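Take a look at the structure set out below.
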Number of protein chains: 2
Amino acid sequence: MEISKKSFKPAYYQVAEAISSKIKNGELKPGSMIPSEAQLCAQYKVSKMTVRRGLSILIEAGYLQSSQGKGTFVSRPNLEEMVVNFSLAGKLTSKLLSVEVIPAPESIARKLGIDRGSKVIYTKRLLFYENEPIIYDQKYLPYVKGKPILEADIEYAELPEMVEKHIDILPIRSELVIKARALNKEEARVLEEEEGKAVLLLEQTVYSQNNKPVGCGQAICHSDRYTLKAVSHPF
Amino acid sequence: MEISKKSFKPAYYQVAEAISSKIKNGELKPGSMIPSEAQLCAQYKVSKMTVRRGLSILIEAGYLQSSQGKGTFVSRPNLEEMVVNFSLAGKLTSKLLSVEVIPAPESIARKLGIDRGSKVIYTKRLLFYENEPIIYDQKYLPYVKGKPILEADIEYAELPEMVEKHIDILPIRSELVIKARALNKEEARVLEEEEGKAVLLLEQTVYSQNNKPVGCGQAICHSDRYTLKAVSHPF
DNA sequence: AAGTGGTCTAGACCACGAC
DNA sequence: TCGTGGTCTAGACCACTTC
């Protein structure tokens with residue numbers, strides 16, 4: 001009825017488009033039930049697997065919700081779950097300020113689940129955009145004896161990459177806590193900004209397979225020059 | 001070979017688990033190619049569609065990457081894309097401070113793509129956690145004549161919901177800009193906090209089908225009592 | 001030509017909900 | 001019992017990459 005087999009778009013995608021456009025233009029309203037899979041198969045002349053694959057796209061995007069035995073229903077698109085792309089690098093240039101092996105401060109030891117005073121690698125980086133300092137980035141990871149650290153590897157590396165290289169563990173999960181805070185004296189000096197200025201603070205922790213923290217870091221972001229953006233999961 | 005048909009977990013899920021555990025324990029290393037779909041079918045004694053469905057889970061989570069004609073390869077899990085659940089409500093209680101129809105201030109008119117001075121609905125809310133004010137929430141949406149606003153609807157409504165009810169447009173996309181800022185006098189009074197204190201500022205804009213902005217808002221978050229959390233897309 | 005991933009089918013069977 | 005979504009199959013065909 002509606003699906004063109006000659007199109008470059010696959011059939012399942014066309015099904016998703018057809019239904020989502022009916023939602024967007026109001027033909028299908030939130031709360032209402034859409035035609036059953038069997039009906040959609042007949043209507044679009046495609047197989048059940050194809051219909052289901054199309055629907056699954058819209059389900060994931062939050063446009064639809066289905067429950068076994070009842071049917072598939074239109075829901076409001078999920079605009080509360082948003083994706084933030086937390087990549088400090090990209091267009092920024094990077095300058096490595098220092099790399100040290102130090103005894104873990106209390107707060108870091110707690111975060112990493114290690115003994116206070118255990119040795120950790122502590123790196124400081126400054127990230128620039130067009131020669132202006134934007135982000136002051138500090139990372140901590142457990143120090144493993146006999147694993148030398150190459151400064152060249154650190155300058156542009158993100159936390160997960162450093163963990164993989166220097167602890168030889170593949171991080172598989174990451175958490176980010178987003179806060180606001182006032183700049184302290186040292187941070188202000190590094191970021192060329194006034195002390196006490198409000199800045200974004202991004203605290204990242206990465207975890208290994210066993211849910212053990214294997215690295216953490218904080219990024220202090222000059223708030224006039226950098227903002228985080230998040231977007232709802234689109235279709 | 002590995003898949004139990006009696007398990008409560010569907011076969012495709014077991015395939016995903018089997019492969020992801022091989023990645024996590026290092027048996028399959030980033031960069032390396034995994035067995036072809038045909039081989040996996042033979043190994044696990046399941047059909048191609050089932051294998052592919054399992055793989056697609058890991059592809060979406062960033063563990064795998066496949067390219068037509070070449071193969072499917074292990075990649076580092078994507079830890080840069082993180083999901084932040086931006087729901088102000090939930091366990092918070094809400095108090096509506098005011099609802100007004102006002103001429104749009106310059107900044108809001110620009111955000112909403114309307115003429116400066118056009119009428120907008122302006123709502124102010126205060127959100128509490130255990131009787132402490134946490135978030136000062138302000139919203140703006142175009143005023144539509146003849147669409148009365150029920151205060152009861154606003155007290156707990158989020159922006160997309162308000163837009164849907166009062167402009168009769170279903171918002172399908174949302175953007176969030178996350179900043180840090182110092183509290184001004186009015187905000188400090190409302191949040192019972194000192195003026196100049198650093199706070200998180202969440203600026204949300206919601207869009208209609210045609211990518212037209214149909215509402216915006218800002219949430220000022222008491223930073224000692226509230227932090228945003230984001231997590232990497234897990235499997 | 002051979003091997004890879006990508007799409008699609010027609011139908012089977014199951015689990016669940018409403019009647 | 002019937003209609004719904006959820007899983008799975010065996011095989012077909014296509015598009016792309018490599019040799």
Side-chain angles (χ1 to χ4, degrees), chain A residues 1-20 22-23 28 30-75 235, chain B residues 1-20 22-23 28 30-75 235:
Chain A
M1 190 72 153
E2 288 234 28
I3 300 304
S4 154
K5 304 245 166 176
K6 292 169 202 151
S7 167
F8 290 103
K9 297 175 187 171
Y12 68 86
Y13 193 84
Q14 294 181 57
V15 171
E17 281 184 330
I19 294 173
S20 88
K22 286 190 181 177
I23 295 173
L28 290 170
S32 68
M33 182 175 158
I34 69 167
S36 76
E37 294 176 355
Q39 287 172 311
L40 292 170
C41 290
Q43 181 181 348
Y44 295 125
K45 303 256 173 54
V46 293
S47 74
K48 183 173 173 174
M49 288 299 270
T50 302
V51 163
R52 282 183 60 74
R53 187 159 174 194
L55 295 183
S56 74
I57 293 175
L58 300 179
I59 289 170
E60 207 159 317
Y63 286 99
L64 295 177
Q65 206 167 348
S66 59
S67 52
Q68 203 172 51
K70 289 194 203 164
T72 301
F73 300 84
V74 180
S75 54
F235 164 58
Chain B
M1 192 72 151
E2 288 236 25
I3 299 305
S4 154
K5 304 245 164 173
K6 293 167 200 153
S7 166
F8 290 103
K9 297 175 186 171
Y12 68 85
Y13 193 84
Q14 293 181 57
V15 170
E17 282 183 330
I19 294 173
S20 88
K22 287 189 182 178
I23 294 172
L28 290 169
S32 68
M33 183 176 159
I34 70 167
S36 75
E37 294 176 355
Q39 288 174 310
L40 293 170
C41 291
Q43 180 182 348
Y44 295 124
K45 303 259 174 51
V46 293
S47 74
K48 183 174 173 172
M49 288 298 271
T50 302
V51 163
R52 283 182 60 73
R53 187 159 173 195
L55 294 183
S56 74
I57 293 175
L58 300 180
I59 288 170
E60 207 158 317
Y63 287 99
L64 295 177
Q65 206 166 350
S66 59
S67 52
Q68 202 171 51
K70 289 193 199 163
T72 302
F73 301 85
V74 180
S75 54
F235 164 59

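Every chain is numbered from 1 and lettered A, B, ... according to where its sequence line falls, protein lines coming before strand lines. Treat the numbers as computed from the prediction; the structure is a model and nothing was measured.
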Rounded to whole angstrom units, what separation is found between the [atom1] atom of [X] and the [atom2] atom of [N]?
{"X": "B:Y44", "N": "D:dT9", "atom1": "OH", "atom2": "C1'", "value": "19 Å"}
{"X": "A:F8", "N": "D:dA15", "atom1": "CZ", "atom2": "C1'", "value": "12 Å"}
{"X": "B:M49", "N": "C:dT7", "atom1": "CE", "atom2": "C1'", "value": "8 Å"}
{"X": "B:L40", "N": "C:dT4", "atom1": "CG", "atom2": "P", "value": "10 Å"}

Checking B:S67 now: which residues fulfil side-chain hydrogen bond (donor to acceptor under 3.5 Å, both in side chains) with it, not counting sequence neighbours?
none
Scan nucleotides 1-6 of chain D against the protein and return all N/O pairs shorter than 3.5 Å with their distances rounded to 0.1 Å.
| residue | atom | partner | partner atom | Å |
| --- | --- | --- | --- | --- |
| D:dG3 | N2 | A:G69 | O | 3.1 |
| D:dT4 | O2 | A:G69 | N | 3.2 |
| D:dG5 | OP1 | A:T72 | OG1 | 3.3 |
| D:dG5 | OP2 | A:E37 | N | 2.8 |
| D:dG5 | N2 | A:Q68 | NE2 | 3.2 |
| D:dG6 | OP1 | A:S66 | OG | 3.3 |
| D:dG6 | OP2 | A:R52 | NH1 | 2.7 |
| D:dG6 | OP2 | A:R52 | NH2 | 3.3 |
| D:dG6 | O4' | A:Q68 | NE2 | 3.0 |
| D:dG6 | N7 | A:K48 | NZ | 3.1 |
| D:dG6 | O6 | A:K48 | NZ | 2.7 |

Return the set of residues passing side chain to side chain contact (heavy atoms under 4.5 Å, CB included) with [X] (not counting sequence neighbours), or none when no residue passes.
{"X": "B:Q39", "result": "B:P35, B:S36"}
{"X": "B:S75", "result": "B:Q65"}
{"X": "A:E17", "result": "A:K9, A:Y13, A:F235"}

Do you know the tightest heavy-atom contact between A:C41 and A:S47?
SG-C, 3.7 Å
Test: salt bridge (charged side-chain N to carboxylate O under 4.0 Å, His left out). Region: residues 64-75 of chain B. Which pairs qualify, not counting sequence neighbours?
none
